[in-house]
There are 2 protein chains.
Amino acid sequence: MQIAQLRYLVALARERHFGRAAEACHVSQPTLSAGLQRLEEELGARLVLRGRRFEGLTAEGERVFAWAQRIAADVDGLQVDLRAMRDGLTGRLRIGAIPTSLPVVSSLSAPLCAGRPGLELSVLSMSSREIEQGLRQAELDAGITYLDNEPLSGVRTLRLYRERYLLLTTADEPLGQSPEVTWQEAAARRLCLLSPDMQNRRIVDSIMREAGAAPRPVLETNSISTLVDHVRAGVGCAIVAQSWLRPPGLPAGLHAAPLVEPRREHAIGLVWREREPEPLLARTLITLVRRLRREGLLPE
Amino acid sequence: MQIAQLRYLVALARERHFGRAAEACHVSQPTLSAGLQRLEEELGARLVLRGRRFEGLTAEGERVFAWAQRIAADVDGLQVDLRAMRDGLTGRLRIGAIPTSLPVVSSLSAPLCAGRPGLELSVLSMSSREIEQGLRQAELDAGITYLDNEPLSGVRTLRLYRERYLLLTTADEPLGQSPEVTWQEAAARRLCLLSPDMQNRRIVDSIMREAGAAPRPVLETNSISTLVDHVRAGVGCAIVAQSWLRPPGLPAGLHAAPLVEPRREHAIGLVWREREPEPLLARTLITLVRRLRREGLLPE
DNA sequence: TGGGCATGATAGTCCCGCTCTATCAGCTCG
DNA sequence: CGAGCTGATAGAGCGGGACTATCATGCCCA
C-alpha cells in the first residue's frame, strides 16, 4: 500500500470529483484513477461507486477513508514536526475561530509569533460546526469556539474567556442611553443579527425564546463588521458579543448596553484534538495559552 | 515516503538490530538498510545513530519513530477492519491482562468467541506497566488492569469488578479456621507474595504500611499458581485476590480468609486506547462487555 | 436527434526506486 | 591473528507509478 494512494482516496472523498481530486493531489487524472484502482486491488474491496461519474464511496470505502484521513494527517504531522526540529519552529499553524472570538485572537497570536520568525499562522473565521469538522478532519490544528453550548467530542479544551451580550444601538435611538436593556426590550427593536448557521445566533434565539420573545431580524449576515456597519447606517440595532467592541473601542455615535433578564454568559476557549504524539506546533500554542492564562495576560 | 520504510524504522527501534529488524519485516538486511537511508534522505534528517553497530536513534529519529508507530498501527487497523467487513469479524484481538484478572477473562472471551468463528484471541499475562506500554505502542487492542491505583493516561476504561484480598493458608495453620484475618496478623506469618514488579504486590505493600506492618516474604514469584502451590506445600501463607479462587473453587486442605483492618478494594476493568476511527474488533469487545455488565452477567 | 461538453477509463511508454544476492569493511573477542 | 558479527555497498532485475493522448459514455440544449 502507498501513502499517496490513501491521499488520493481522501482527496476524492472531499472533492467528490476525480479531476478536482487529482488537481488537489498535483497529479494527472489518470494517475489518480489508476492509483485508486490499485488500492482497491490491494485491499481486495471496491471503495468507490463508479457510474459514469463519481457516485460516492462504498461502506468499505467510507471506512478506509476514515483511516486514510487519519494516516495522511499523521504523515503530515511527522513532516511538520521534523522541519520544526531542524529549522526551529516553522510551518503553518491553522486556527479556526468563530467570528465573535476574532478580536481576542491577536492577543494569542502576537506573543506566539514573537521570536518565532519561521512560524506562520492561518486564522480562519469559521462557524463552530465547521471548526468541529475541521478538527476531526485534521484540517485545523486548533479552534476557538464555544465550550459549553453544543458539546464537542474527542477534543481537549482550555477556557479563554466568557462571552457576554450587548445591544448595540445608535446614540439617538430610544434605548440609546440606557445603562441596561432587557432581551424583551431588544426583541421589540428592528434587529440586525447573525445568520442562523452561526452558533452565536442560535444562542441569541434560545435566550430570546427563554425570555418569551421572538425576534424578527431586519437583516441577517455572517459578518460581524457588516452588522456594526448597518447599525451605524441606522438600519437597526444589533446584538453583539462584548469581546467584539474591545480592541478599537466603541465606534463614535454608537451605544452599547449589556443585555439582562437573563444576564447570560457562554464560555469560549481553545479547542484542539488529542493526538499522540502531540505535534510540536500545537503543543507550542497550548503551552503558550496556558502560560498567558496563568499570568493573567488574557482579557476578561 | 513509503509505509514500508516507516515500518522499517519501527522495527529497528524495537529490535535495536538491523538484521533482526529486517527479519521482523520479512525483507533482507540490505533492503532495510537502503530503505532507512532513503527515508533519511527524503526527510532530510539523520534518524539512526550509526557506528559499527546500531547505537540508537537521534532525537529526530525518536520523533519520527513515535509518528511512524502510530501510522503503522493505523494502517494495520485499516486492513483488519476491511477484512472484518468482507469476511465477517475476523482477525486477532490482543488482550493484555494482569495475572490476578486471568480467571475472569474467560467470562469475557467465551461469549466473545461464541458465534464468531473467524475471531482469534491472544490473552497475554502482563504486568500493569507492560499493559500500559503495550496499549501506547498499539501492540495490544485492550487490557485488563487496575483502574484506580496508579492512574493511566490517554485511555478509556470500563470497570469489571472490585478486587478484594484474602489470606490463603493451609487448614491446619494457626489462622486456618479464622473467618477474618487482619493485615497485622497476616504480616506476622511466613508469607509468599508476588514479586515487586507486579502492581498487586505494590498494593499489598502499601496496605501493609498503612496497617503499620512490614512483611518479610519468605518467597516471591510472578506466578500466582506458584504462589498457591507453595501454600499447599506448607512453605507459608499467601495473599491472593478473591477472583483467583473462583473458577475451580478453593483447593482441598486450604483455607481462605478475607483480610480486614483495613478492608480494601481496588477496581479492575477493561482498558483500551481511544482511537479514531475506532477499530471494529475493539468496538465489538467493548460493546460486548458493556452488555454483559448491563445484564449482570459479570462476576462480583 | 445530433453537436458540444463533462467525466472518468484505457492505452502506450518511460523510468524511478525497491528488492534481491553477493560481497566488502570494521569492530570484538577468544 | 583469525573467526564471527554487524552493517554498508555493488550490481541486476522488475514492478508499478507517472505522464500524454485518446476513447466511451452520459447529459444538456438546440
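Chain naming here is simple, since letters A, B, ... match the order of the sequence lines and numbering starts at 1 in each.
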Between [N] atom [atom2] and [X] atom [atom1], what is the distance in whole Å?
X	N	atom1	atom2	result
Arg53(B)	dG4(D)	CZ	C1'	12 Å
Arg16(B)	dC5(D)	CZ	P	21 Å
Glu55(B)	dC27(C)	CD	P	11 Å
Leu32(A)	dT20(D)	CG	C1'	16 Å
Glu41(B)	dC16(C)	CD	P	14 Å
Leu36(B)	dG17(C)	CG	C1'	15 Å
Arg20(A)	dA6(C)	CZ	C1'	11 Å

side-chain contact (heavy atoms from CB on, under 4.5 Å) partners of [X], counting only residues at least two apart:
X	answer
Arg46(B)	Glu40(B), Arg50(B), Thr58(B)
Asp205(B)	Arg201(B), Arg209(B), Pro215(B)
Leu124(A)	Met126(A), Leu140(A)
Ala34(A)	none

### Task
Tell me whether the OP1 or OP2 atom of dC5(D) has a side-chain N or O from His17(B) closer than 4.0 Å.
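Checking dC5(D) against His17(B), no side-chain N or O comes under 4.0 Å of OP1 or OP2.
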
### Message
Looking at dC19(D), I'd like to know if its phosphate oxygens (OP1 or OP2) sit under 4.0 Å from a side-chain N or O belonging to Ser28(A).
### Response
yes

### Task
Check Ile286(A), Val289(A), Leu285(A) against Trp272(A) for a side chain to side chain contact (heavy atoms under 4.5 Å, CB included) and give me the one that passes.
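That would be Ile286(A); it is the only one of Ile286(A), Val289(A), Leu285(A) passing the side chain to side chain contact (heavy atoms under 4.5 Å, CB included) with Trp272(A).
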
### Message
Can you pull out the residues from residues 2-13 of chain A that lie within a 4.0 Å heavy-atom distance of DNA chain D?
### Response
Gln2(A), Gln5(A), Tyr8(A)

Tell me which donor-acceptor pairs under 3.5 Å the side chains of residues 21-29 of chain B have, and how far apart each pair is, sequence neighbours excluded?
from	atom 1	to	atom 2	distance (Å)
Ser28(B)	OG	Thr31(B)	N	3.4
Ser28(B)	OG	Thr31(B)	OG1	2.8
Gln29(B)	NE2	Ser33(B)	OG	3.2

When the side chains of residues 131-138 of chain B are checked against the rest of the protein, which donor-acceptor pairs come out under 3.5 Å, sequence neighbours left out?
none

### Any residue meeting side-chain hydrogen bond (donor to acceptor under 3.5 Å, both in side chains) with Arg283(A), in chain and number order, not counting sequence neighbours
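Arg283(A): side-chain hydrogen bond (donor to acceptor under 3.5 Å, both in side chains) contacts with Glu278(A).
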
Expected rows: protein N/O vs nucleotides 8-15 of chain D N/O, under 3.5 Å:
from	atom 1	to	atom 2	distance (Å)
dA8(D)	OP1	Arg50(B)	NE	2.4
dA8(D)	OP2	Ser33(B)	OG	2.5
dA8(D)	N7	Gln29(B)	NE2	3.0
dA8(D)	N6	Gln29(B)	OE1	3.3
dT9(D)	OP2	Gln37(B)	NE2	3.1

### Query
If you measure from CZ on Arg14(A) to CG on Leu9(A), what distance do you get to the nearest 0.5 Å?
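Output value for this atom pair is 10.5 Å.
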
